[in-house]
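Numbers restart at 1 for each chain; the letters A, B, ... are given by sequence-line order, proteins then strands. Just so it is clear, the model here is predicted, and its values are computed rather than measured.
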Amino acid sequence: MKNDISKTFEEKEKEIFTLWEESGFFNPDTMKALLKEDAKEPFTISLPPPNANGNLHLGHMCGYSFHDAIGRYMRMTGHPTLLLPGKDHAGIQTETAFTKELEKKGKNKWDMGREEFYKQCYEFCMKNASNARDQEKNIGLSADFSREFFTLDPRLTETVYETFEMMFREGMVYRDKRIVNICPYCKTALADIDTEHEERRGIFAYIKYPLVGEKDKYIMVATTRPETMLGDTAVAVNPKDDRYKEYIGKKVILPIQNKEIPVIADESVDIEVGTGALKVTPAHSPVDFELGIKYNLEVVNVIDEEGKMTGNIPEKYKGMDTLQCSKELCQDLDSLGLLEEIKNIKHEVAICERCKTPVEPVISNQWYIDVSNLAKEALNALHSGEVRVIPEGQQKALEFFFENIRPWCISRQLWWGQRIPVWYSGGKKLYDWLQENKGKTVKDFEKEFNLKVIGDGSIYIGENIPKEGAGWEPETDMFDTWFSSGQWPYSTLGGPSGEDFKKYYPTQMMIHARDILFWWSARMLMLGIYRTKEVPFKTIFLTGMILAPDGSKMSKSKGNGIEPQEVFEKYGADALRLWYYSDALPGSNAPIREEKIKGNRNFVNKIWNASRFILMNIDDAEVDAVREEVVDMETERIKETEVHIQKVSKYLSKYQFNLGAEEIREFFWHKLCDVWIEEIKSEIQDKEVGSKERVSRLTELLYILKQNLKIMHPFIPFITESVWQELVKLKLTEGILMGEQIQISE
RNA sequence: GGGCGAUUAGCUCAGCUGGUUAGAGCAUCACAUUGACAUUGUGGAGGUCACAGGUUCGAGUCCCGUAUCGCCCACCA
């Protein structure tokens, strides 16, 4: 009687996945117990946590196929392997996404209040996290889901808070001013990502700034924002500009304010734009702010956080909105004979993504970390080879980033995230005022603002309100999301004193998309070195990006995205994985092509049918004999198979997934199927069932099949495990394939 | 403006430290086959390796320049 299995391969991915999950191999602790031989050193990868504000896209899922391939390979070569999954709260992005959700229901966060918003946003994330987890399983990700973390998990937050406190004690954390975009309508600070650029009609006003002590001489500046002149503290020109050379170092009178401000020279001033003379308003323009730092200029704040004129300016302008002030100011300048002309122009302005109101850059106090020393240490780690980046070119980019590192602003004006664990005695405003006015006291503050404060202006670091003292005001800003995810490799292992940390840190690899190299890996390196005195991983592997078939970026707005679910249903996870290994090389892009995934699906099917054919040839009566026959390791075919296994192993250990994928396809299809099966077919053709010749050839063939299944498993786990389970059913082998071991020769 | 890449067959891309006749998949053409295979097998055609120079016995590979494209960052008074 002939053995047979179903003619077409239907991937029973869910069943197979459950089999794996229940086997205990996903958890490195239990895996250790399951190994027949002694375990080698553990292997750990922290998986990049996807944002818990939506579904995974194809890029996420394909990225995980790299993690999974390397993880499975390490497991099969005797390393207790931990792929540690998680989900990211993704601060600003999630706040925006959830706010939009609320809007759809006609609600808004202001009516809801912080506490309720946080609660509902948490639920929103948990729902998305659950979907994301299912999708991770769809691609076959062999992660230890019992260790999954959400970035707002209190256990993780504890580690993050510890880091902040340590940095504060060591003087690395400080308050400083920076330009923040605020939306006067939404009354909130905006990250760059929340702003859009749009061409709007505007004005270009030419204003004369008279020279001090030189009658009738003046410098003319051109500006799109006349009202900001009230906060000007310099005029800048290009040192090469002959028109203004003689004025450099002299002073001009700032009209209306009647204040003397210097004329400075800086290379960055464009001679061609406007008059070539730039009015410098450090408080209300990012470029000017930088100039202000460079030349130590005074910062004069004239616009408040609601977009109204404020500060030390003539009474008549106070409280005006900027547009009105601009008009009045131009009239006043004109009557003084200082307005040359106003041109109507079109120009790009930054606007609020949600309400389309032009944003106001205003100065604001923020929390900073001085990361200059950590950047140096990270750079050393790159130079010494403790860490390396694949592809190499990106390593240079990362080095450049560290060489030009700037202080890291870690506070965000959001409702969603980890609250910065700071309490201000007497209020935040008092604290900042005392910082800026060294030597002054709480009493001076009370006098200045004509109010009474409770508290002494001190600060307390901690999650909960301090027991001692009174008048504590909590910091309401949240941590930058990268401050938390930057600690991912050790925070998810229980922090630097955790049990898992001792066993599984440092991790070996970090695999993620190229576009977050500076945002994420750079931060993980610095914070990892800071908290653990060693690099958190040895290799950074940057995955390729999946593009639409025409080579353009997939995006929701273009509608050229491809739903992962469609691909899975049509071709299965293995076909998608194999395509990705072949086409998406580190750091490069891969336009998705259906016919190529189809080609890989055909290969998956080929595996099924070749296996089926081999099994069909083993007669029921021969099963016992084949099982007990000792494999002759000296046949040409088996020796060649061993060479193949070593070759693919080498590719995997060097993370050359594309070459590995090509190799397994080539060998299985064009060697095993096209040549050897055909050969053996004719070798046993006329032999009697149960004869020595048949049994020995079938044993050889079965052995080669099993070896191929093993080495292919890291790439295409579902089909290989499915076939393995068919072998188990026929009692030709036992256990699960993912737990099998591959012997590698060094 | 700064940084990093890319340019190889009709398409998407491999080609590690320079070494015979430059490879794969898909597409294409011819033949064979209904077989374990959603088909598959055999064979063919298709390339001045972006352009110009240099180093070398030897360059797709290393160096310099040019052109085009892409990504990231900064920014547009």
Enquirer: Out of Glu662(A), Arg665(A), Lys596(A), which one pairs with Ser582(A) under the side-chain hydrogen bond (donor to acceptor under 3.5 Å, both in side chains) rule?
Expert: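 The passing option is Arg665(A).
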
Enquirer: Tell me which nucleotide among C76(B), C37(B), C4(B) gets nearest to the side chain of Val287(A).
Expert: C76(B)

Enquirer: Using the C1' atom as the reference point in each nucleotide, state the distance between U42(B) and U48(B) in Å, no decimals.
Expert: 32 Å

Enquirer: Say you pick atom C1' in G47(B) and the same atom in A14(B); how far apart are they, in whole Å?
Expert: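 Going atom to atom, C1' in each nucleotide, I get 15 Å.
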
Enquirer: Determine the interatomic distance between C1' on C51(B) and the same-named atom on A67(B); round to the nearest Å.
Expert: 7 Å

Enquirer: Measuring only the C1' atom in each nucleotide, how far is A45(B) from A6(B)? A whole number of Å is fine.
Expert: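 My reading of the C1' atoms in A45(B) and A6(B) gives 29 Å.
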
Enquirer: The side chain of Leu278(A) is closest to which nucleotide in this list: G41(B), A77(B), C37(B)?
Expert: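 When the side chain of Leu278(A) is considered, A77(B) is the closest of G41(B), A77(B), C37(B).
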
Enquirer: When the distance from CG of Asn404(A) to P of G2(B) is rounded to whole Å, what number comes out?
Expert: 13 Å

Enquirer: So which of Thr281(A), Ile203(A), Leu323(A), Ile303(A) actually passes side-chain contact (heavy atoms from CB on, under 4.5 Å) with Arg225(A)?
Expert: Ile303(A)

Enquirer: Got a donor-acceptor contact below 3.5 angstrom from the Ser611(A) side chain to the Ile607(A) backbone?
Expert: yes

Enquirer: Specify the separation, in whole Å, of atom CZ of Arg593(A) and atom P of G25(B).
Expert: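 My rounded result for the distance is 15 Å.
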
Enquirer: So if I take every side-chain heavy atom of Phe204(A) and compare against C72(B), A77(B), G3(B), which nucleotide ends up nearest?
Expert: A77(B)

Enquirer: Between C57(B) and C4(B), how far apart are the P atoms? Round to whole Å, please.
Expert: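 Pairwise P distance, C4(B) against C57(B), rounds to 32 Å.
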
Enquirer: Classify the side chain of Lys396(A) and the base of C4(B) as holding, or not holding, a donor-acceptor pair under 3.5 Å.
Expert: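 No such pair is found, so the answer is no.
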
Enquirer: Just compare A36(B), G3(B), U40(B) and give me whichever is closest to any side-chain atom of Ala610(A).
Expert: A36(B)

Enquirer: By nearest atom, which of the nucleotides G41(B), C71(B), C37(B) is closest to the Arg514(A) side chain?
Expert: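 Nearest listed nucleotide: C71(B).
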
Enquirer: Determine the Euclidean distance between corresponding C1' atoms of G53(B) and C64(B); express it in Å to zero decimal places.
Expert: 8 Å

Enquirer: Applying a 4.0 Å non-hydrogen cut-off, can you work out what Ala222(A) is touching in the nucleic acid: base, sugar-phosphate, or nothing?
Expert: sugar-phosphate

Enquirer: Between Glu392(A) and Thr223(A), which has a closest nucleotide on RNA chain B that is more 5'?
Expert: Glu392(A)

Enquirer: Rounding to an integer number of angstrom, what distance separates U55(B) and C63(B) when you compare their P atoms?
Expert: 15 Å

Enquirer: Checking base pairs now: Watson-Crick or wobble, both atom distances under 3.5 Å. What partners A27(B)?
Expert: none

Enquirer: Restricting to nitrogen or oxygen on both sides, can you table the protein-nucleotides 13-18 of chain B pairs closer than 3.5 Å?
Expert:
from   : atom 1 : to        : atom 2 : distance (Å)
C13(B) : OP1    : Asn589(A) : O      : 3.0

Enquirer: Does A22(B) have a Watson-Crick or wobble partner in any strand here, with both distances under 3.5 angstrom, and which is it?
Expert: none

Enquirer: By the definition side-chain hydrogen bond (donor to acceptor under 3.5 Å, both in side chains), identify the one residue from Asp232(A), Asn301(A), Thr228(A) that meets it with His284(A).
Expert: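 Single pass found, and it is Asn301(A).
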
Enquirer: Does atom CD of Glu595(A) have more than 12 heavy-atom neighbours from other groups under 6.0 Å away?
Expert: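 Buried by this count: over 12 neighbours within 6.0 Å.
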
Enquirer: Taking atom P in both G25(B) and U21(B), compute the distance separating them and give it to the nearest angstrom.
Expert: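 G25(B) and U21(B) have their P atoms separated by 23 Å.
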
Enquirer: Under 3.5 Å, is there an N or O donor on one side and an acceptor on the other linking the side chain of Glu290(A) and the base of A74(B)?
Expert: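 Looking at the base of A74(B), it does not pair with any donor or acceptor on the side chain of Glu290(A) (distance under 3.5 Å).
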
Enquirer: Rounded off to whole Å, could you give me the CD-to-C1' distance for the Glu227(A) and A77(B) pair?
Expert: 13 Å

Enquirer: Send over the distance from Ile405(A) CD1 to A74(B) C1', rounded to a whole Å.
Expert: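 That distance rounds to 15 Å.
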
Enquirer: State whether Asn602(A) places a side-chain N or O below 4.0 Å from either non-bridging phosphate oxygen (OP1 or OP2) of U40(B).
Expert: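 For Asn602(A), the contact criterion (side-chain N or O under 4.0 Å from OP1 or OP2 of U40(B)) is met.
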
Enquirer: How close or far is atom P of C76(B) from atom CZ of Arg225(A), stated in whole angstroms?
Expert: 12 Å

Enquirer: Considering only side-chain heavy atoms of Trp519(A), which listed nucleotide, C4(B), A77(B), C73(B), is closest?
Expert: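 Nearest to the side chain of Trp519(A) among the choices is C73(B).
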
Enquirer: Is it true that the side chains of His512(A) and Ser521(A) contain a donor and an acceptor less than 3.5 Å apart?
Expert: yes

Enquirer: Nearest-Å distance, CG (Leu398(A)) to C1' (C71(B))?
Expert: 16 Å

Enquirer: Heavy atoms under 4.0 Å, any strand shown: does His670(A) hit a base, just sugar-phosphate, or nothing?
Expert: sugar-phosphate

Enquirer: Measure from OH on Tyr580(A) to P on U12(B) and round the result to the nearest Å.
Expert: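 The answer, rounded to whole Å, is 18 Å.
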
Enquirer: Should we say atom CZ of Arg388(A) is surrounded by more than 12 heavy atoms from elsewhere, each under 6.0 Å from it?
Expert: no

Enquirer: In whole angstroms, how far is the P atom of A36(B) from the CG atom of Asn617(A)?
Expert: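 Atom CG in Asn617(A) sits about 9 Å away from atom P in A36(B).
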
Enquirer: Under a 4.0 Å N-O cut-off, is there an ion pair linking Glu679(A) with Arg637(A)?
Expert: yes

Enquirer: Does U66(B) pair with anything, Watson-Crick or G-U wobble, both distances under 3.5 Å, and if so, with which nucleotide?
Expert: A50(B)

Enquirer: Name the closest nucleotide to the Thr224(A) side chain, picking from A36(B), C71(B), A77(B).
Expert: A77(B)

Enquirer: Identify whether any heavy atom of Trp579(A) sits under 4.0 Å from a base atom; if not, whether one sits that close to sugar-phosphate; answer base, sugar-phosphate or nothing.
Expert: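 Counting heavy atoms under 4.0 Å across all strands, no contact is made by Trp579(A).
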
Enquirer: Looking at every strand, decide which applies to Phe401(A) at a 4.0 Å heavy-atom threshold: base, sugar-phosphate, or nothing.
Expert: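 Since no nucleic acid heavy atom lies under 4.0 Å of Phe401(A), the category is nothing.
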
Enquirer: In plain terms, say whether Arg601(A) and Glu594(A) are close enough for a salt bridge, that is, a side-chain N and a carboxylate O under 4.0 Å apart.
Expert: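 No, this pair does not count.
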
Enquirer: Report yes if a side-chain nitrogen or oxygen of Trp608(A) is closer than 4.0 Å to either non-bridging phosphate oxygen (OP1 or OP2) of A38(B); otherwise report no.
Expert: no

Enquirer: If the threshold is 4.0 Å, N to carboxylate O, is there a salt bridge linking Glu290(A) and Arg406(A)?
Expert: yes

Enquirer: Measure from the side chain of Lys606(A), starting at C-beta and using heavy atoms only, and say which of C71(B), C4(B), C37(B) lies closest.
Expert: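 Looking only at side-chain atoms, Lys606(A) lies closest to C37(B).
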
